[in-house]
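Since this is a predicted model, take the numbers as computed values, not measurements. Every number for a ligand or one of its atoms is a count from 1 in the order of the listing.
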Amino acid sequence: MSSVTDLRYLITPGGSLTGRLRVPGDKSISHRSIMLAAIAEGRSRISGFLEGADALATLAAFRAMGVEIERSDTGELQVAGVGMRGLKSPEGPLDMGNSGTAMRLLSGLLAGQTFPVTLIGDASLTRRPMRRVTEPLARMGARILTSPDGTAPLRIEPTPRLSGIEYPLPMASAQVKSCLMLAGLYAEGETCVIETEPTRDHTERMLTAFGYPVRRQGSRVCLSGGGRLTGCRLRIPADISSAAFFLVGASIAPGSDLLLEEVGINPTRVGVINILRTMGADIELLDRRVAGGEPVADIRVKSARLHGIRIPVDQVPLAIDEFPAIFIAAACAEGETLLSGAAELRVKESDRIQVMADGLTRLGIEAEPTPDGIRILGGELGSTEAGEGAIDAQGDHRIAMSFAVAGLRARGPIEVRDCANVETSFPGFAELSAGAGLGIREFQA
Ligand code: S3P
């Protein structure tokens, strides 16, 4: 969904973040809530759903496959589950927009259907690697055609049967794990995925909430095909990945004191909190509780003096989406921050190592990319020229928001271009962050 008209941010330097706010619902959990509710028996009610373009692409895909999904005035969704075998052939290709999660998880869920279906996406998604899902799915008996480069469009043909597999993940990827588990629902026998490092476990938790047995033993997670899901009520917490911009913004902006409400703090997602705390951040978790099978808390963050660190490699999968924001923290910290073991960042919505390094360099920060990470030396953030001199977010929502909060500590105004995709994960970002104290203005160029 790279923008035709270029939505830009202009950030006035300075200010602090104060008050309390709730960022929108968790993107990963929102996708899964529609997928599982659709193939469950009976109705499900989902509150806190993220109405951003990515999760809405998943919602539209299931509507196109005959699932009735209604939205109440309060934003609660009611999904009339059609059962494991009730999806209908869609009339045309299913457009996953910018969303890797939608495409990879759906390829698993759809591999075992009785109708053919084609998954397409925008220019960014069409560049992203899909063999990581199509290869193990093929071993299960799936028939999926990709482009010669192993990218979308994905043409999924019906197959007489899928068989369970035992699959050690070659990379830390919750998307691959979840894809295979969703295919495993339709497979004969047992499907087991073995993780080298823990990744987000929302699929496992949510399958359990829908009454589907999932067995975990250490790093191995297994399920047997042929069971059934039962519709349920789900409450989706605020997205820690969206909260991350405020965790960083409030940490770097002097005088900040901000409360973020009902944020998901699943242990497989809290790398950003662990990393920022190691850098010296003042982050408190208040009123911890469980909602919809997921741990949540209110998070209080105050400004603090940050120092550079060597980011522990075991935190990388737990903070995989938060690195653009963490790099801004590193740029404002004293000393050097080193990241390694994060080559996956190069195949996200953009090459996040290179695009962040380019933007930081433009702001006068020493940022040296490596094949699997980056070295950032903290310093004073400069400003950008308008127009051609603006920072290019390259259509990557998280890069746009990261440079927006960088404005809190910049010497002069920052202009960020190609920001329209912020809509994929964080609709209302500009209004919400302006309300908390960020000097942000959106305009079309
Ligand atoms: C996601 C998993 C992560 C993450 C993505 C969402 C998910 O991708 O980057 O934004 O919902 O499962 P990988 O598992 O491929 O690292």
Pair S178, R104: side-chain N/O donor-acceptor within cut-off below 3.5 Å = no
For ligand 1, list the protein residues that place a heavy atom within a distance below 4.0 Å of one of its atoms, sorted by chain and number.
-> S28, R32, T101, A172, S173, A174, Q175, R200, I320, D321, K348
Apply salt bridge (Lys or Arg N to Asp or Glu O under 4.0 Å) to E322 and list each qualifying residue two or more places apart in sequence or on a separate chain.
-> none
Sequence neighbours excluded, every pair satisfying salt bridge (Lys or Arg N to Asp or Glu O under 4.0 Å) that has a member inside residues 163-173 | E166-R220
Are the side chain of N421 and the backbone N or O of G395 linked by a donor-acceptor pair below 3.5 Å?
-> yes
Got a salt bridge between K348 and D396, using NZ or NE/NH1/NH2 to carboxylate O under 4.0 Å?
-> no
Who passes salt bridge (Lys or Arg N to Asp or Glu O under 4.0 Å) against D392, sequence neighbours left out?
-> none
